Each structure stands twice: as structure tokens, then as C-alpha cells.
> 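My questions will all concern the structure given below.
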Amino acid sequence: MAYASLDDLLAEGVRGRRILVRSDLNVPLEGEVPSLTVTDDGRVRASLPVLRKLTEAGAAVIVMAHLGRPKGAPEAKYSLAPAVDVLRDLADFPVALAPDTTGEGARSAAAALAEGEVLVLENVRFDARETSKDEAERRSFAQELADLAGDAGAYVDDAFGAVHRKHASVFDVAGLLPAYQGDLVRAELVVLEKLTKEPERPFVVVLGGSKVSDKLAVIENLIGTADRILVGGGMVFTFLAAQGHRVGASLLEEDRIETVRGYLERGARDGTQFVLPTDIVVAEKFAADAGHSVIAADAMESGAYGSTGLGLDIGPATGADFAANIAEARTVFWNGPMGVFEFDSFAGGTRAVAQALVEAQAAGALTVVGGGDSAAAVRGLGFTDEQFGHISTGGGASLEYLEGKELPGLTALARD
Ligand SMILES: Nc1ncnc2c1ncn2[C@@H]1O[C@H](COP(=O)(O)OP(=O)(O)O)[C@@H](O)[C@H]1O
Ligand SMILES: O=C(OP(=O)(O)O)[C@H](O)COP(=O)(O)O
């Protein structure tokens with residue numbers, strides 16, 4: 001597919017034009033409203049270069065972004081305010097946050113926006129039409145967004161982490177304004193292309209995290225592509241259940257158990273080995289100070305917490321086994337923490353996998369970490385970006401790209 005780039009837009013000239021930019025400012029937060037703080041500013045930093053280029057060229061920039069998964073209405077805990085505070089600190093141009101997304105506040109702020117200034121709209125997911133399955137609803141919201149840019153407006157998609165979403169601010173708006181690909185999206189695709197075009201083998205994919213149903217859906221096409229898939233994080237329990245084990249009160253997608261059983265069978269047939277945990281750190285409750293113990297993965301309910309126990313990390317034997325698998329790899333893609341790394345007691349598995357990637361990279365393998373929380377985890381555990389081949393801002397987006405799926409955010413930008 002051919003795309004018009006940000007540089008093409010700059011060559012056309014943007015001075016005095018209002019340019020609508022989709023950024024991924026979906027940062028991890030900690031604390032409670034009103035003192036939420038950003039725990040990893042990677043996505044904000046990654047969004048800066050495009051905003052800088054546009055403001056330096058004299059554009060008035062309107063940023064659309066989401067944070068978390070609010071249910072189509074404003075909710076204080078999903079406000080973009082903490083992300084915008086970080087952006088303001090890092091930016092050398094003025095940054096304001098609109099009080100709403102396409103309401104009167106956003107409209108008057110957009111109309112008053114001057115050359116070289118940035119206005120961030122409130123969370124696009126505060127409007128249910130953003131994520132609606134109904135095309136007409138999404139289009140009506142996209143039209144309101146496009147109207148903020150006006151007749152001379154243009155659209156730049158720089159939100160790599162959201163290119164797999166068929167949402168109004170990612171997909172539909174691209175049909176209403178001249179559309180361009182941002183530098184972050186472009187740079188991410190260069191790395192991913194390298195990963196998919198004949199990856200050096202063994203090619204090992206490590207999957208974890210909590211967006212279990214999203215990720216179970218992508219495993220299918222990795223079977224036959226990856227040599228090994230190491231399964232950690234919240235996904236583990238649907239796999240263990242598929243093997244007939246009980247998993248206490250851990251995250252479980254009951255209606256996917258059969259599907260996962262099918263994956264295990266297909267993996268055995270098509271040459272993709274699933275490597276599953278042999279031990280799990282089981283906790284009495286979801287809390288930083290929860291009592292916990294290491295229990296065999298096939299007997300999770302045999303411990304002190306019985307059927308109420310929560311699997312919150314892979315165990316140490318599994319961490320060592322995953323590390324050994326990663327050490328044999330020539331290409332590694334990792335998305336999703338192995339456990340609830342935000343709590344020290346359940347960060348061991350994520351630390352073991354991160355350390356193994358660092359060592360594999362040092363030994364000449366290509367290692368790629370994808371995903372907002374995965375990136376936050378490796379940085380939070382003290383690793384640096386330079387120790388990996390690439391830290392991608394998009395987890396689900398990278399996975400869907402690896403799968404060979406069409407990404408709506410890219411299709412919408414394609415030109416003949
Ligand atoms: N066993 C588990 N149970 C519950 N949550 C988990 C488990 N393992 C990992 N997580 C959570 O997964 C979250 C990250 O998941 P996800 O958003 O899918 O990753 P990414 O943003 O890297 O794509 C983290 O907040 C982590 O606490
Ligand atoms: O955090 C994101 O994706 P990721 O967790 O897969 O990296 C993106 O901002 C997309 O968010 P979404 O998965 O709620 O659509």
C-alpha cells in the first residue's frame with residue numbers, strides 16, 4: 001500500500017491550517033482522581049516529534065486521543081489531563097486540553113487556535129460513537145472531528161498503537177480529510193516489516209497481559225508462523241482450563257476454552273510449540289500486599305487459597321523455562337506482561353522474561369517488545385530502551401500486523 005507521508009503534507013504547506021492528528025496518549029496511570037500520575041511517558045514522548053514538526057511549520061494542531069476504555073461517556077478517571085500535563089512539560093510549544101471532545105468547548109478552542117499551538121481534545125472514547133459498530137454513527141462523530149479542522153484541514157494518523165481499531169478517529173475521519181501517515185506509524189512499520197519478512201529462526205513469540213480476548217483472537221494466525229509461543233499473563237488460565245485444569249478465581253475466558261483447545265491441537269500439527277507455565281504465583285486477593293505462594297500450574301486450587309486463589313504471575317520455574325526458550329531464539333516478539341508487574345510480589349516473571357530478551361539481544365538476536373504496559377513494565381523494572389532491538393508503542397497493533405491482518409488505520413490512509 002502507498003501512503004502520503006507527513007513530509008508530503010509539510011511540502012504542501014501547513015502554515016495557518018488546522019491539522020487533526022490522531023496520537024496514542026494511552027499512558028499507564030497510578031493513584032486516584034484527582035491525583036492520577038503517569039507511570040510511563042513513552043507514548044507521549046513518541047508522539048512529540050510529529051507535533052513538533054507540525055507546530056514548527058506553523059500549523060495549528062488538534063490532537064485526538066483515547067485513554068483506557070471508558071463506556072462512551074465522560075469519566076474523570078479516563079480524562080486525558082494527566083497525559084496532557086506530561087506533554088506540556090515535554091513540549092516546546094503551547095499545549096491546551098479542551099474541556100470536551102467535539103462539544104462547544106472544543107469547537108471554540110479549535111476556532112481560536114493559533115499557528116504553532118496544540119489543542120488536545122478530551123478522550124475521544126467519551127463519545128460512544130467513536131467505537132460504535134454502526135458506520136453511520138461513527139461517521140457522524142468523524143464529521144464533527146473533521147469540522148474542527150475546517151475546510152483547509154488535513155488528517156495525520158500517528159497513533160500506531162490504535163491502527164488496528166476501526167474507530168471514528170482512526171478510520172472514518174481519514175475518509176473526510178486529506179490523510180497522511182505520521183512518522184511514528186511509519187517507523188514502527190519499518191521494524192515490523194523486518195520481523196515478518198523471513199524472521200531468523202527460531203522465532204519465539206511471548207504473550208501475556210490482561211486483554212485476554214483480544215489476544216486469544218490473534219494467536220490463531222501466529223500458529224505456523226512462530227516456532228514457539230510462550231504463554232504468560234492473564235491468558236494462561238484459559239490455556240490451563242483448556243487442558244482440563246482448574247484455575248481458581250484467575251482471569252478466564254470461559255467461552256474461549258474450546259477455541260484454545262483447537263489452538264493447542266493445531267500448534268502440534270503445524271509446527272508451533274505452545275510453551276505453557278508449569279508453576280503459578282497464586283494470591284489470596286488482588287492487592288500489592290496479598291498473601292501468595294507458588295503452586296504447580298496443574299494443581300492451582302490445591303494451595304491455601306483453593307478456588308478463590310488468583311493467579312497473578314508465572315512461577316520461578318516457568319520464568320527460567322521461558323528464559324531458556326528465549327535464549328535459543330534468533331527473533332523474539334514479546335507483548336503483554338507475564339504477571340501483575342505493578343505489584344513487586346508479582347513482577348518476577350516479567351523481570352525474568354525482560355532479562356532474557358536483553359541477553360538474547362546482546363547475543364545477536366532481534367528482540368521487539370510491543371505494548372503500552374509491556375514498555376512501561378520493562379522501563380519500570382529498570383531496563384533501558386537501548387537494551388532491546390525495538391520497543392513498540394503498540395501491542396495489539398503489532399500483533400495484528402504480525403498476523404498479516406488488514407489494519408483499518410492503515411487501509412484508510414492508503415492511496416493508489
Ligand atoms: N495474571 C494476571 N491477572 C491479571 N492481570 C494481569 C495478569 N498478568 C498480567 N496482567 C496485567 O496485564 C496488564 C497489561 O496487559 P495489556 O494491556 O494486555 O498489555 P500491553 O499494554 O503491553 O498490550 C498489566 O496491567 C498487568 O497487571
Ligand atoms: O494500549 C493500547 O494497545 P496495547 O495495550 O495493545 O498496546 C492502544 O492504546 C489501544 O488501546 P485499546 O486496546 O483500548 O484499543
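On a predicted model such as this, the values are computed, not experimentally measured, just so you know. Note that ligands are numbered from 1 as they come in the structure, with each ligand's atoms numbered from 1 the same way.
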> Identify the protein heavy atom lying closest to atom 17 (O) of ligand 1, giving its residue, its atom name and the separation to 0.1 Å.
Asp373 OD2, 3.1 Å
> Relative to the heavy atoms of Asp24, which atoms of ligand 2 are at a distance of less than 4.0 Å?
8 (C), 9 (O)
> Taking it one step at a time, do Ile326 and Leu357 satisfy side chain to side chain contact (heavy atoms under 4.5 Å, CB included)?
CA-CA 7 Å; Ile326 291 165; Leu357 258 79; 3.9 Å; yes
> Mark yes or no: Arg415 above the aromatic ring of Tyr180, with NZ or CZ under 6.0 Å from the six-membered ring centre and no more than 45 degrees from the axis.
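Yes.
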> Do the side chains of Asp214 and Arg165 get close enough for a salt bridge, i.e. N-O under 4.0 angstrom?
yes
> State whether Asp8 and Arg186 are salt-bridged, where the test is any N-O pair (Lys NZ or Arg NE/NH1/NH2 against Asp/Glu carboxylate O) under 4.0 Å.
no
> Establish, from distance only, whether the side-chain atoms of Lys405 and Asn221 form a donor-acceptor pair under 3.5 Å.
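Checked: Lys405/Asn221 side chains show no N/O donor-acceptor pair below 3.5 Å.
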> Can you tell which of Met235, Lys215, Glu342, Lys211 gets a heavy atom nearest to atom 24 (C) of ligand 1?
Glu342
> Can Val61 and Val50 be said to form a side chain to side chain contact (heavy atoms under 4.5 Å, CB included), step by step?
CA-CA 10 Å; Val61 180; Val50 161; over 6 Å; no
> Considering only the protein, which heavy-atom contact is closest to atom 6 (C) of ligand 1, and what is its distance?
Val340 CG2, 3.6 Å
> Using ring centroids (six-membered ring only for Trp), state whether Phe343 and Phe286 fall under 6.0 Å.
yes
> Starting from atom 8 (C) of ligand 2, find the nearest protein heavy-atom neighbour and note its residue, name and distance.
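Here the nearest protein heavy atom works out to Gly161 O, 3.4 Å.
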> When you look for heavy atoms under 4.0 Å from ligand 1, do you find them on the side chain of Leu310, its backbone, both, or neither?
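It is neither; nothing of Leu310 touches ligand 1.
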> Which residue supplies the protein heavy atom nearest to atom 7 (C) of ligand 1, what is that atom called, and how far is it?
Gly234 N, 3.7 Å
> Do you see a donor-acceptor pair shorter than 3.5 Å between the side chains of Glu188 and Ser392?
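Per modelled atom types, Glu188 and Ser392 side chains form a pair under 3.5 Å.
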> Is the centre of the Phe274 ring less than 6.0 Å from the centre of the Phe239 ring?
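Ring-ring flag for Phe274/Phe239: true, centres closer than 6.0 Å.
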> May I ask you to check if ligand 1 and Gly311 share an N or O to N or O distance below 3.5 Å?
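Between Gly311 and ligand 1, an N or O pair is found under 3.5 Å apart.
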> Tell me, which protein residue and heavy-atom name are nearest atom 22 (O) of ligand 1, and how many Å apart are they?
Ser374 OG, 2.5 Å
> Determine the minimum heavy-atom distance between Thr101 and Leu148, stating which atoms define it.
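Heavy atoms of Thr101 and Leu148 come nearest at O-CD1, 3.9 Å.
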> Would you mind finding which of Gly349, Gly232, Gly339, Gly233 brings a heavy atom closest to atom 10 (N) of ligand 1?
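That would be Gly339.
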> Atoms of ligand 2 less than 4.0 Å from Gly371 heavy atoms?
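So the atoms of ligand 2 that pass are 7 (O).
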> Looking at ligand 2, is there an atom of it that comes within less than 4.0 Å of some heavy atom belonging to Ala162?
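Contact absent.
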> Give me the nearest non-hydrogen protein atom to atom 13 (C) of ligand 1 as residue plus atom name, then the distance to 0.1 Å.
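Protein heavy atom at minimum distance: Ser210 OG, 3.4 Å.
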> Can you pull out the closest protein heavy atom to atom 6 (O) of ligand 2? Residue, atom name and distance to 0.1 Å, please.
Gly396 N, 2.6 Å
> Taking 4.0 angstrom as the limit and counting only heavy atoms of Asn26, give me the atoms of ligand 2 inside it, by number and element.
1 (O), 2 (C), 8 (C), 9 (O), 11 (O)
> For ligand 1, which atoms have a heavy atom of Phe237 less than 4.0 angstrom away?
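Listed by number with element, the hits are 1 (N).
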> Is the closest N or O pair between Asp373 and ligand 2 shorter than 3.5 Å?
no
> At the 4.0 Å heavy-atom cut-off, does Lys215 count as touching ligand 2?
no
> Do Glu301 and His245 have side-chain atoms, one donor and one acceptor, less than 3.5 Å apart?
no
> Might you work through the side-chain hydrogen bond (donor to acceptor under 3.5 Å, both in side chains) test for Glu122 and Ser79, ending with a clear yes or no?
CA-CA 7 Å; Glu122 241 318 350; Ser79 168; 2.6 Å; yes
> How far is atom 23 (O) of ligand 1 from its nearest protein heavy atom, and which residue and atom is that?
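In this structure, atom 23 (O) of ligand 1 has Asn335 ND2, 3.0 Å as its nearest protein heavy atom.
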> Report, in ascending order of atom number, the atoms of ligand 2 lying under 4.0 Å from any heavy atom of Gly395.
4 (P), 6 (O), 7 (O)
> Given Lys211, Arg165, Arg69, which has its nearest heavy atom closest to atom 3 (O) of ligand 2?
Lys211
> Does Arg43 come within less than 4.0 Å of ligand 2, judged by its heavy atoms?
yes
> Check whether any N or O atom of His66, backbone or side chain, sits under 3.5 Å from an N or O atom of ligand 2, and answer yes or no.
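By distance alone, the answer is yes.
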> Provide the number and element of each atom of ligand 2 under 4.0 Å from a heavy atom of Gly372.
7 (O)
> Would you check if there is a donor-acceptor pair between the side chains of Ser23 and Asp158 at a distance under 3.5 Å?
no
> Would Arg107 and Asp100 pass as an ion pair if we require N to O under 4.0 Å?
no
